[in-house]
Every structure is written in C-alpha cells, then in structure tokens.
Amino acid sequence: MVYKITIKNVPNQELTTSIGNVFYKIDLRTIQENTYMSVWADGNLLFYSQLCVPNQFINPYNYLSVNGKFYFSCLDNEYPFFKSFNKTQELLFYTMDEVNNA
C-alpha cells in the first residue's frame, strides 16, 4: 500500500504520522533550495538530514526502514522544494511489500 503524507508549502516543518502501528516523526528542512529529511520511528532515529531527490526513495537502505520507505514523487523531475509541495511534488510512504515489488 502507498500512503500520501500531508506536507505544507513551508521551508521548514516537523510532522507526525502513524502508519501500521509505527509512529513516525518527520523533519523537513530547506537549506540552499534543497530539501533534507530526518525520520524517527517510535522515537528511534532512522536517518538524519538525508538529501531528498526526485522520484527515488529518500533512504535506500532496507536496514534503516521500519515497515517501508519514504519517497518524493516529483512530476517536474526537479528536486523537492517546498514551493512545489502538493502542487507537482508529494511525499509518499511505500510499505515494504510495495518496495519489494517496485
């Protein structure tokens, strides 16, 4: 299953979401027109300040994933940038079943 994560059109934001019994804290930061993402699962840091790239999993390593992976879908193939969030870019979460089938 693929989940859409609601994000705002602001440069720096922290949000939380629960997916399949896992509570995620997500921190998005804009530094020099690039978006960086940090994620905690149930209070444990999975990865910190990972550069977000278009149409790829944010963190490619399975051992740093809990139930799935985050992904920025970018119709314009530009790097994720807050001014395009929810217009041509959206943050998605793919369950591990979806990741393995991708």
Side-chain angles (χ1 to χ4, degrees):
M1 184 166 210
V2 178
Y3 297 87
K4 182 179 177 186
I5 310 297
T6 302
I7 53 179
K8 300 176 186 173
N9 294 87
V10 296
N12 299 310
Q13 57 190 292
E14 186 176 289
L15 55 128
T16 58
T17 189
S18 184
I19 301 172
N21 298 333
V22 178
F23 181 77
Y24 290 97
K25 176 182 155 194
I26 302 165
D27 185 51
L28 294 172
R29 297 285 168 226
T30 300
I31 303 170
Q32 297 181 350
E33 298 191 14
N34 289 309
T35 300
Y36 294 85
M37 184 174 176
S38 301
V39 174
W40 291 259
D42 291 332
N44 298 309
L45 179 65
L46 295 182
F47 56 89
Y48 184 78
S49 200
Q50 181 73 35
L51 176 65
C52 299
V53 295
N55 304 315
Q56 293 184 28
F57 293 114
I58 307 302
N59 181 22
Y61 306 110
N62 286 341
Y63 73 93
L64 293 176
S65 301
V66 176
N67 319 351
K69 295 183 179 188
F70 293 92
Y71 181 96
F72 255 106
S73 175
C74 303
L75 296 177
D76 51 16
N77 274 330
E78 293 181 6
Y79 274 69
F81 188 60
F82 73 94
K83 291 181 180 178
S84 297
F85 290 174
N86 299 317
K87 295 177 185 171
T88 59
Q89 301 174 352
E90 59 186 13
L91 180 60
L92 304 174
F93 181 87
Y94 283 74
T95 62
M96 285 311 286
D97 287 339
E98 292 294 327
V99 170
N100 292 332
N101 291 328

Is [Y] reachable from [X] through a run of I, L, V, M, F, W or Y residues, each pair having side-chain heavy atoms under 4.5 Å apart?
| X | Y | answer |
| --- | --- | --- |
| Trp40 | Tyr36 | no |
| Ile58 | Val2 | no |
| Val53 | Val99 | no |
| Ile5 | Val22 | yes |
| Phe23 | Met1 | no |

Audit row: Lys69, Val39, side-chain contact (heavy atoms from CB on, under 4.5 Å) steps and yes/no: CA-CA 10 Å; Lys69 295 183 179 188; Val39 174; over 6 Å; no
Worked verdict on Met37 versus Leu91 for side-chain contact (heavy atoms from CB on, under 4.5 Å): CA-CA 11 Å; Met37 184 174 176; Leu91 180 60; 4.2 Å; yes
I need the minimum non-hydrogen distance between [X] and [Y], along with the two atoms involved.
| X | Y | answer |
| --- | --- | --- |
| Tyr79 | Cys52 | CD2-O, 3.3 Å |
| Pro54 | Glu78 | CB-O, 3.4 Å |
| Pro80 | Gln89 | CA-OE1, 3.2 Å |
| Ile19 | Asn67 | O-ND2, 3.1 Å |
| Asn55 | Cys74 | OD1-N, 2.8 Å |
| Gln13 | Val10 | NE2-O, 3.3 Å |

Any donor and acceptor pair, going by atom type alone, linking the side chain of [X] with main-chain N or O of [Y] inside 3.5 Å?
| X | Y | answer |
| --- | --- | --- |
| Asn86 | Ile7 | yes |
| Asn9 | Phe85 | yes |
| Thr30 | Asn12 | no |
| Ser73 | Glu90 | no |

Taking atom [atom1] of [X] as the centre, report whether more than 12 heavy atoms of other residues, nucleotides or ligands fall under 6.0 Å from it.
| X | atom1 | result |
| --- | --- | --- |
| Asn21 | CG | no |
| Tyr48 | OH | no |
| Glu33 | CD | no |

Ile26/Thr17 under side-chain contact (heavy atoms from CB on, under 4.5 Å): CA gap, chis, key distance, verdict: CA-CA 8 Å; Ile26 302 165; Thr17 189; 4.2 Å; yes
Option passing ring-ring contact (aromatic ring centres under 6.0 Å, His included) with Phe70 (candidates Tyr24, Phe57, Phe47): Tyr24
Inter-residue atom distance Asp42.CG - Lys25.NZ, 0.5 Å rounding: 13.0 Å
Interatomic spacing from CZ in Phe81 to NZ in Lys87 - rounded to 0.5 Å: 11.0 Å
